[in-house]
Amino acid sequence: MRFSPQSVARWSAKHRLRVIGLWVVLFVVGGWLTSSYLSGALTTQVNFTNNPDSKQAQTLLEQRLTGPRRSNEVVIVRSASQTVTDPGFQAYVTRLKANVDALGPAVVQQTTDPYQAGGRFVSKDRHATLIPVTMAGTLDDANDNIDQVLDRTLHAPHPPGFRVWVAGEATAAKDSNTIAEQDLRKGETIGIVAALAILIVVFGTAAAAVVPVVLAILAIVVALGLVSLLGMAFDLSFFVTNMVTMIGLAVGIDYSLFIVSRYREERARGRDKLQAIAATGGTANRAVFFSGLTVVLALAGMLLNPTTIFRSIAAGAIAVVLVAVAAALTLLPALLATMGDKVNALRVPVLFRRRQADIDRTHGFWAQVARRVMGRPVTSLVGATAILVVLAVPLLGIKTGFSGISTYPDNIQSKQAFTVLSRDFPAGLTSPAQIVVDGQVRSPAVAAAIGRLQAALKTDRAFGPSTVQTNRAGDLALVSVPVNGDPNGEATVAAVRHLRKVTIPAAFAGTDAGVKVGGETAGGIDFFDLSDFYTPLGIALVLGLSFLLLLVVFRSVVLPALGVALNLLSVGAAYGLLILVFQHGIGAGLFGFQQVDTIEAWLPLFLFSVLFGLSMDYQVFLLSRIQERYNLTGDNTDAVSFGLRTTGGIITGAALIMVAVFAGFAAGRLVFLQETGFGLAVAVLIDATLVRSVLVPAAMTLLGKWNWYLPSWLGWLPQLRIEGAAPAPAPAEPERQPQPVR
């Protein structure tokens with residue numbers, strides 16, 4: 001058997017029971033791997049695969065002073081009526097500390113008695129104090145064990161008049177994970193319900209509408225199983241589960257939508273079941289194959305960035321796209337061969353009749369759109385381009401950062417704790433800036449430099465009181481200083497940048513000591529800088545690979561260039577709307593979003609990679625249908641009109657499904673999910689309307705036969721035709737009637 005999407009579809013249809021059985025096994029195994037290993041394979045930490053300053057600082061500390069990095073939590077105790085020196089207050093704090101200590105060294109490494117700390121952990125009004133807690137084990141161990149600490153403190157009975165909060169990395173990570181899981185379930189529900197409704201409208205039957213949803217769910221479960229296996233060997237961010245679900249629902253449903261639509265169209269043209277599946281395999285299945293490949297190439301741009309969050313997102317998204325493509329090419333033909341015309345069961349009468357009446361869509365809405373756009377191509381091109389350029393203008397003012405705990409919903413305990421901590425204490429107690437001095441720290445020159453540094457920090461309102469810790473060998477010192485405010489906030493980031501660039505160089509001028517700054521904020525700054533450096537490289541890689549693939553597929557230098565240019569326009573417009581809503585707050589309240597100072601630092605490259613891939617999805621489907629017609633007729637105008645009117649409804653339906661899926665995730669409470677869902681939703685909507693329905697047909701009408709221009713010196717390129725030659729229609733074999741028993 002020669003391998004091609006057409007031959008794979010034909011083989012899968014003939015061996016449908018084997019294929020369906022194999023995918024059932026994969027689904028069961030994927031579900032088992034997910035339930036057994038996924039939670040242990042994910043981390044809330046953002047790690048680097050290279051060696052920036054913050055990582056160097058942490059490595060020095062682990063090797064020569066503190067050992068592995070621990071999670072620092074603080075238990076905040078406040079009484080409205082008593083001060084910290086009252087016997088009842090002191091007795092309660094002592095009891096709380098003893099309860100936490102009783103958890104043992106497997107959970108808690110140490111606690112600090114606030115009454116032995118010289119007043120450092122007492123609020124200004126003396127009605128609150130802190131119990132610093134150092135969790136045992138790694139940061140992920142702390143995340144697993146934090147519930148035990150919360151049970152002994154936050155959730156334990158309190159004396160009348162007392163309030164207790166807990167703040168720290170593990171507490172914030174727990175709340176973030178809980179919100180993300182709830183948002184994930186909400187997004188899935190909204191996406192699936194909306195997708196089913198749209199599919200019923202597009203297909204006109206309930207049976208056909210269910211098939212894409214089933215395929216998408218199967219792809220998600222199998223992909224999560226693969227992620228569970230990957231997580232055993234590599235650090236993967238917990239965010240990967242949201243990405244697998246969101247991208248899996250979108251592409252899984254879309255790929256099935258295109259294939260099922262083409263199969264029903266071929267059946268309506270008079271082909272029998274197997275002929276229709278083979279014809280679909282030679283057309284729509286090929287388009288799905290190359291579309292999926294384009295999406296994977298686009299997602300590969302994120303693999304350049306040497307951070308676990310980018311590589312996790314890329315790995316999860318690539319995994320679910322590959323599984324969705326594999327299922328669409330094999331399982332879907334097997335299901336269609338099993339269902340036959342039962343795919344049209346449970347019809348919605350009006351919708352179904354309308355779908356079947358005009359196979360070539362010579363009348364109706366999209367035929368009118370084609371006539372109007374192609375009748376005034378210059379006006380259409382200039383008008384749509386102007387709209388996209390105006391929408392992209394806010395991109396010039398983009399600011400990137402992290403949405404820290406201050407953007408959590410107000411009813412979340414860790415945010416309430418952070419608010420109290422910021423108001424009454426230095427909030428940076430749980431995530432201080434760690435200034436690591438590497439050298440002979442007891443020498444007069446280095447000791448004097450450390451003194452100058454502490455003096456400078458004392459006069460800087462951005463920082464709290466600093467402490468110095470020196471290792472036994474005298475060759476390393478840690479200057480730990482709380483940073484006032486949200487560790488990921490804009491002001492805190494600016495303070496640590498100033499510390500690195502101005503304060504430390506001034507204090508250590510003339511010494512031979514090496515100084516590195518670590519901690520949560522410094523790690524965030526290194527992440528921002530890496531993102532700024534690698535984002536242009538990732539974009540260049542995506543553009544280059546996509547251009548080359550489309551060049552080979554369509555054997556034209558014009559169509560890939562047009563596709564790249566138009567997709568850049570749509571992505572730029574999506575960026576502009578994202579910044580307008582979230583950074584400037586225009587319309588944020590209408591959508592229920594938060595206004596924030598910065599856009600997530602990882603979002604520009606992520607959005608570009610995903611949006612470019614999904615945009616190329618629609619580009620491939622539209623151009624493949626145009627090319628199919630052009631190869632038959634040689635008439636460019638007729639081919640463009642045919643492509644638009646036959647794919648316009650399907651592409652719009654697919655886009656609306658993606659918009660519904662992404663909007664479901666945008667309805668979440670975490671800012672990064674809101675930004676992600678909104679950015680993806682508006683970009684897909686722009687792409688399916690202005691770009692695919694106006695710009696592409698207008699530009700291709702003006703270009704005429706130049707659309708298919710390939711220089712003679714590129715004639716050696718292999719011919720990878722997307723649309724195979726569909727077999728000629730043949731009358732369906734009459735079904736054998738049962739013979740009467742004699």
Side-chain angles (χ1 to χ4, degrees), residues 179-180 182-199 202 212-213 216-217 219-220 223 239-257 291 295 298-299 302 313 316-317 320-321 324 391 567 570-571 573-582 587-588 590-594 599-600 602-618 651-692:
I179 299 170
Q182 293 170 351
D183 289 352
L184 180 62
R185 288 194 291 271
K186 181 179 179 181
E188 287 175 337
T189 303
I190 293 174
I192 290 173
V193 171
L196 274 171
I198 295 167
L199 286 167
V202 171
V213 174
I217 293 172
I220 290 168
F239 189 31
V240 71
T241 56
N242 297 77
M243 286 302 100
V244 167
T245 303
M246 185 162 55
I247 301 300
L249 280 175
V251 300
I253 291 174
D254 269 15
Y255 293 160
S256 302
L257 170 61
S291 295
V295 176
L299 294 169
M302 288 189 285
I313 292 171
V320 78
V321 170
L391 291 177
N567 285 334
S570 66
V571 171
Y575 280 166
L577 285 171
L578 182 72
I579 294 159
L580 202 65
V581 171
F582 285 93
L590 180 66
F591 294 109
F593 298 150
Q594 287 191 57
I599 301 298
E600 292 291 312
W602 51 268
L603 205 56
L605 179 56
F606 166 76
L607 279 182
F608 180 84
S609 298
V610 174
L611 293 177
F612 197 85
L614 297 180
S615 297
M616 281 299 183
D617 247 5
Y618 297 146
I651 287 178
T652 302
L656 289 176
I657 289 169
M658 282 200 180
V659 169
V661 170
F662 297 145
F665 287 89
R669 291 174 292 168
L670 291 177
V671 169
F672 74 84
L673 279 179
Q674 293 177 357
E675 292 178 355
T676 303
F678 177 80
L680 290 170
V682 297
V684 169
L685 195 58
I686 289 170
D687 191 78
T689 52
L690 284 178
V691 176
R692 267 357 107 196

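Nothing here was measured: the structure is a model prediction, and the numbers come from that model.
- We find the CG-CG distance between L603 and L607 to be 4.0 Å, quoted to the nearest 0.5 Å.
- If you take CD1 on I253 and CE on M658, they are separated by 9.0 Å, rounding to the nearest 0.5 Å.
- Residues passing the ring pair (Phe, Tyr, Trp, His ring centres under 6.0 Å) test with F606, sequence neighbours excluded: W602.
- Shortest non-hydrogen contact noted between A250 and F662 is CB-CZ, 3.9 Å.
- Evaluation of the side chain to side chain donor-acceptor pair (under 3.5 Å) test over residues 655-676, restricted to residues two or more places apart or in two chains, returns Q182-R669.
- Partners of I198 according to the side-chain contact (heavy atoms from CB on, under 4.5 Å) rule, which considers only residues two or more places apart in sequence or in another chain, are V202, L656, I657, A660.
- To the nearest 0.5 angstrom, I247 atom CD1 is 10.0 Å from I313 atom CD1.
- By the side-chain contact (heavy atoms from CB on, under 4.5 Å) test, V571 pairs with Y575, F608, L611, sequence neighbours left out.
- Applying the side chain to side chain donor-acceptor pair (under 3.5 Å) test to residues at least two apart or on different chains, the pairs with a partner in residues 244-256 are D254-Y618, Y255-D617.
- For the atom pair CD1 (I686) and OG (S570), the distance works out to 7.0 Å, reported to the nearest 0.5 Å.
- Distance check, rounded to the nearest 0.5 Å: OG1 of T241 to CE of M246 gives 10.5 Å.
- Not counting sequence neighbours, the partners of A180 by the side-chain contact (heavy atoms from CB on, under 4.5 Å) test are F238, N242, L670.
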